[in-house]
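Here is the structure we will look at, set down as structure tokens.
Chain A is the first sequence line, chain B the second, and so forth, proteins listed ahead of strands; every chain is numbered from 1. Predicted model, so just to flag it, every value in this text is computed and none were measured.
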Amino acid sequence: MSRRTRIGDLLKRPTPGGTVTVCGWVRSLRASGDVAFISINDGSNLDGMQLVLERDRLPSFDDFCTIGTGAALRASGELVTSPAAGQQYELQVQELSVVGQADSAYPLQKKRHSFEYLRSIAHLRPRTNTFGAVFRLRSRLAQAVHRFFDERGFLYVHTPIITASDCEGAGELFRVTTLPPNSAPRNEGGEIDFTRDFFARKTGLTVSGQLEGELFAQAFGDIYTFGPTFRAENSNTPRHAAEFWMIEPEMAFADLADDADLAEEFVRYLCNFALQECAEELTFFDRHIEKGLLARVHAVAKASFARMSYDEAIRHLEQAPVSFQFPVQWGLDLQKEHERYLTEEVVRGPLFVLNYPKEIKAFYMRQNGDGATVAAMDLLVPKVGEIIGGSQREERLDQLERRMQELGIAQEPLWWYLDSRRWGSCPHAGFGLGFERLVMYLSGMDNIRDVIPFPRTPRHAEF
RNA sequence: UCCCCAGUAGCUCAGUCGGUAGAGCGGGUGACUGUUAAUCACCAUGUCCGUGGUUCGAGUCCGCGCUGGGGAGCCA
């Protein structure tokens, strides 16, 4: 096959002219007497290319007028300036072939579909404008994440996907086993004998790469992970999926303030990246998905992020002139309505809340001198609330062991984690960012199932 | 997992007081020399989510179930 030219590249040409070949899928066909127009899209950009077919220049003109929406085409012709509004260039077709026909049963019509319906045809929805834009943005953002950390000398570490540590309290584990489901070997107590399983222990899919990430941070200084993460929680919300991608940087010789600095720089970098490198997509989202998206992302890109302690946050909420559905009290976690009030009404921009009560945070977070709080941070942003959660880690062995004991967390399976506090332990800090939540934030899409190619949620693993 | 809402043509939805089902879009056919989700004319399409019940009669009322969506919890 002679090589095609991507439509996105053609549209970047400063001048028309020349014979080119494009391939793509039909979005719309408009036939009118002796001339027909076919809009095709090849996924390389939003707008696609208009093919112009003329009866006296093209044999089989009438046959081409019956091409169905969704068909795959290969077209060669001259790239010309379009005389009509709506597109800069169009293709005067000299040769056209139908690579793959599509009949009238093609589920994508030339009209708006609901996102719920498109989820039921997830194999075809990437051919729509919205999902084309979402997944181009997602791809570029993934590259931007690596670029950000690489530019700053962070080591990219692949932490294991199969893990035996399920004691982080980060959610239910998916079991990984090769034992036969109906005749698994039992021990004397009648329980399944996992010592005879593939790994000779109970294993599952990772819920976080953080603990392993900490070990690498204590060898390479600054590291990050970016990989798939699994939670078997029966969560049915627009913000949760059973399989998602998480970004977790970890820095040695760093405290909570350093952690917040990194998070702030990271979020600002990604906003600027999207505005510059995905302008076409963001403009589309601003117009069709969330009015005001561009202004919101611009604001975050320029803002200096506010910081306040959990104590201060509670005081602000107690003095709020609005009434909340959920109680405000020192010691309780912030609800989404509280988070949104703080970031949207109190500071009107991104906000770090620092130093939460230890009771509502994980065992590995560093205990503060007040005996009541830990060095945790959440980054709250307008519209979505929490987008990043992080902490300085407890590097003092005795403190860590005492906290695990208080919480009833077995130390033996985490002997390797505790060892890192035994030899050359140092202050270190990191955070976690759900990649999909970032994509949602920068696209205005409000359901996580619509920013994952083939989302896994309770009862859904069809595609 | 809990609470709320919904399920009718390919899609989005209307359907009054319980009386035997409709619109727009999409699709098909035809017309039209430059369209932009083209336009105009004509044509076709139903397991009213399933199941049990109330009733002379159920898309409509009631029970149970399934599916989807939203909110909460959990969290990223």
Side-chain angles (χ1 to χ4, degrees), chain A residues 26-39 47-57 61-62 65-66 68-70 80 82-87 90 92 102-121 128-129 168-172 206-210 225-248 288 325-326 333-337 339 360-362 378-379 384-390 431-441 446-452 457-460:
Chain A
V26 175
R27 288 288 180 81
S28 160
L29 183 148
R30 298 175 289 274
S32 167
D34 295 333
V35 63
F37 303 92
I38 302 178
S39 300
D47 292 332
M49 173 72 65
Q50 171 160 277
L51 309 179
V52 183
L53 286 61
E54 292 183 356
R55 182 183 292 279
D56 45 7
R57 292 203 205 187
F61 174 85
D62 287 322
C65 288
T66 64
T69 304
V80 300
S82 178
Q87 57 279 317
E90 61 187 23
Q92 274 290 340
D103 65 19
S104 62
Y106 184 61
L108 286 174
Q109 302 175 356
K110 292 191 288 187
K111 54 172 276 192
R112 259 198 69 83
H113 286 295
S114 67
F115 289 146
E116 289 86 352
Y117 172 66
L118 291 170
R119 273 171 224 152
S120 74
I121 50 169
T128 64
N129 285 337
E168 293 161 44
E172 284 296 307
T206 182
V207 295
S208 167
Q210 181 198 315
T225 71
F226 183 11
T229 310
F230 307 88
R231 304 274 167 93
E233 286 292 331
N234 190 9
S235 285
N236 293 285
T237 87
R239 299 175 304 282
H240 291 87
E243 177 182 308
F244 62 100
W245 285 60
M246 192 151 62
I247 300 150
E248 295 178 292
H288 298 289
Q325 195 186 339
F326 291 89
D333 207 355
L334 303 180
Q335 298 290 327
K336 197 176 174 191
E337 60 174 350
E339 295 177 342
I360 56 174
K361 290 294 180 182
D378 283 353
L379 175 60
V384 300
E386 180 187 339
I387 192 165
I388 282 178
F431 62 80
L433 168 64
F435 183 55
E436 283 77 11
R437 293 197 177 164
L438 175 73
V439 179
M440 289 167 74
Y441 187 67
D446 48 24
N447 195 313
I448 197 169
R449 296 160 199 151
D450 297 328
V451 299
I452 298 177
T457 54
R459 298 183 300 284
H460 291 281

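- A:R459 has a side-chain polar atom (N or O) that falls below the 4.0 Å cut-off from OP1 or OP2 of B:G68.
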Verify salt bridge (Lys or Arg N to Asp or Glu O under 4.0 Å) between A:D378 and A:K361, making sure each step is shown before the conclusion.
CA-CA 11 Å; A:D378 283 353; A:K361 290 294 180 182; 3.4 Å; yes
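- With hydrogens and angles left out, the side chain of A:S235 and the base of B:C75 share no donor-acceptor pair within 3.5 Å.
- Residue contacts for A:R55: at a heavy-atom cut-off of 4.0 Å it reaches no nucleic acid atom on any strand shown.
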Assign a letter to each nucleotide of nucleotides 41-46 of chain B from its 5' end: B, base within under 4.0 Å of a protein heavy atom; S, sugar-phosphate only; -, no contact.
------
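- Rounded to whole Å, atom C1' of B:G34 lies 9 Å from atom CD of A:E54.
- Residue A:A36 is classed as having no contact, given no heavy-atom separation below 4.0 Å to the nucleic acid.
- Remark: P of B:A72 and CG of A:L334 are 14 Å apart, rounded to the nearest angstrom.
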Using side chain to side chain contact (heavy atoms under 4.5 Å, CB included), reason through A:H240 and A:E233 one step at a time and then give a plain yes or no.
CA-CA 9 Å; A:H240 291 87; A:E233 286 292 331; over 6 Å; no
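- Residue A:G389 is classed as having no contact, given no heavy-atom separation below 4.0 Å to the nucleic acid.
- We find the CG-CD1 distance between A:L53 and A:I38 to be 4.5 Å, quoted to the nearest 0.5 Å.
- Out of B:C11, B:A72, B:G34, the shortest distance to the side chain of A:Y117 is found at B:C11.
- A distance of 14.0 Å separates CD of A:Q50 from CZ of A:R27, quoted to the nearest 0.5 Å.
- Remark: the separation of the P atoms in B:U16 and B:A72 is 33 Å, to the nearest Å.
- In this structure, A:S114 reaches the B:U12 phosphate: one of its side-chain N or O atoms is under 4.0 Å from OP1 or OP2.
- Taking atom C1' in both B:U55 and B:C74, the straight-line distance is 47 Å, to the nearest Å.
- Rounded to whole angstrom, the span from the CG atom of A:N236 across to the P atom of B:U67 amounts to 11 Å.
- The residue A:F435 sits apart from the nucleic acid: no heavy atom pair falls under 4.0 Å.
- Once rounded to the nearest 0.5 Å, the distance linking OH of A:Y117 with CD of A:Q109 reads 6.5 Å.
- Atom name C1', nucleotides B:C48 and B:G18: the rounded distance is 15 Å, in whole Å.
- Among the protein residues, A:A241 comes within range of the nucleic acid bases, having at least one heavy atom under 4.0 Å from a base atom.
- No contact: A:S39 has no heavy atom under 4.0 Å from any strand.
- When distances are taken from the side chain of A:P83 to each of B:C74, B:A37, B:G34, the shortest belongs to B:G34.
- The nearest whole Å value for the distance from the CG atom in A:L108 to the P atom in B:G26 is 14 Å.
- One finds a side-chain N or O of A:N447 lying less than 4.0 angstrom from the OP1 or OP2 phosphate oxygen of B:G70.
- To the nearest whole angstrom, the two P atoms, one in B:U20 and one in B:C66, are 33 Å apart.
- Put simply, the side chain of A:E90 and the base of B:G34 share a donor and an acceptor less than 3.5 Å apart.
- In this structure, A:M246 atom CE and B:C75 atom P are separated by 13 Å, rounded to whole Å.
- Ion pairing between a basic and an acidic side chain is recognised when a charged N comes within 4.0 Å of a carboxylate O; A:D446 and A:R239 show no such pairing.
- Rounded to the nearest Å, the gap between the P atom of B:G71 and that of B:U29 is 44 Å.
- Nearest-nucleotide mapping onto RNA chain B: of A:S28 and A:I448, the residue sitting toward the 5' end is A:S28.
- Residue-to-nucleotide contacts include no donor-acceptor pair under 3.5 Å from the side chain of A:E116 to the base of B:G68.
- For A:S32, no side-chain nitrogen or oxygen approaches OP1 or OP2 of B:U35 to under 4.0 Å.
- Pair assignment for B:A14: none, as no Watson-Crick or G-U wobble contacts are both less than 3.5 Å.
- Distance A:H240 NE2 to B:A72 C1': 11 Å, rounded to the nearest Å.
- In this structure, the NE2 atom of A:H460 is 12 Å from the C1' atom of B:C66, given to the nearest Å.
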Set out, in order, the CA-CA distance, both residues' side-chain angles and the distance that settles ring-ring contact (aromatic ring centres under 6.0 Å, His included) for A:F226 and A:F435, then state yes or no.
CA-CA 9 Å; A:F226 183 11; A:F435 183 55; 5.0 Å; yes
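- Scanning atom types as modelled, one donor and one acceptor separated by under 3.5 angstrom connect the side chain of A:Q50 and the base of B:U35.
- Remark: A:F37 CZ to A:L29 CG distance equals 10.5 Å, nearest 0.5 Å.
- Remark: A:H113 engages no residue in a side-chain hydrogen bond (donor to acceptor under 3.5 Å, both in side chains) (not counting sequence neighbours).
- Within the shown strands, B:G71 is the pairing partner of B:C2 under the Watson-Crick or G-U definition, both distances less than 3.5 Å.
- The main-chain N or O of A:V35 is never found under 3.5 Å from a side-chain atom of A:E54 such that the two would form a donor-acceptor pair.
- When Watson-Crick and G-U wobble pairs are counted only if both distances are under 3.5 Å, B:C56 pairs with B:G19.
- Backbone-only contact: A:P238 has heavy atoms under 4.0 Å from sugar-phosphate atoms and none from a base.
- Within the nucleic acid shown, A:I247 has no heavy atom closer than 4.0 Å to any nucleic acid atom.
- With no hydrogens or angles considered, no side-chain donor-acceptor pair links A:T457 and A:H460 at under 3.5 Å.
- Separation of the P atoms belonging to B:A23 and B:C62 is 29 Å when rounded to the nearest angstrom.
- One C1' atom belongs to B:U12, the other to B:G69, and the distance between them is 15 Å to the nearest Å.
- Where A:A31 and A:K111 each meet RNA chain B at their nearest nucleotide, the meeting point lying more 5' is that of A:K111.
- Distances shown here put every side-chain N or O of A:H113 at or beyond 4.0 Å from the OP1 or OP2 atom of B:G10.
- Spacing of P atoms, B:C13 relative to B:C49, comes out at 14 Å, to the nearest Å.
- For A:T229 and A:R231, the side-chain atoms include no donor-acceptor pair closer than 3.5 Å.
- Distances shown here put every side-chain N or O of A:R30 at or beyond 4.0 Å from the OP1 or OP2 atom of B:U33.
- What separates NE2 of A:H288 from C1' of B:A37 is a distance of 11 Å, to the nearest Å.
- A:E243 comes within contact range of no nucleotide atom at all, as no heavy-atom separation falls under 4.0 Å.
- A:R449 has a side-chain polar atom (N or O) that falls below the 4.0 Å cut-off from OP1 or OP2 of B:G69.
- Side-chain to base pairing of A:Q87 with B:G34: no donor and acceptor N or O lie closer than 3.5 Å to each other.
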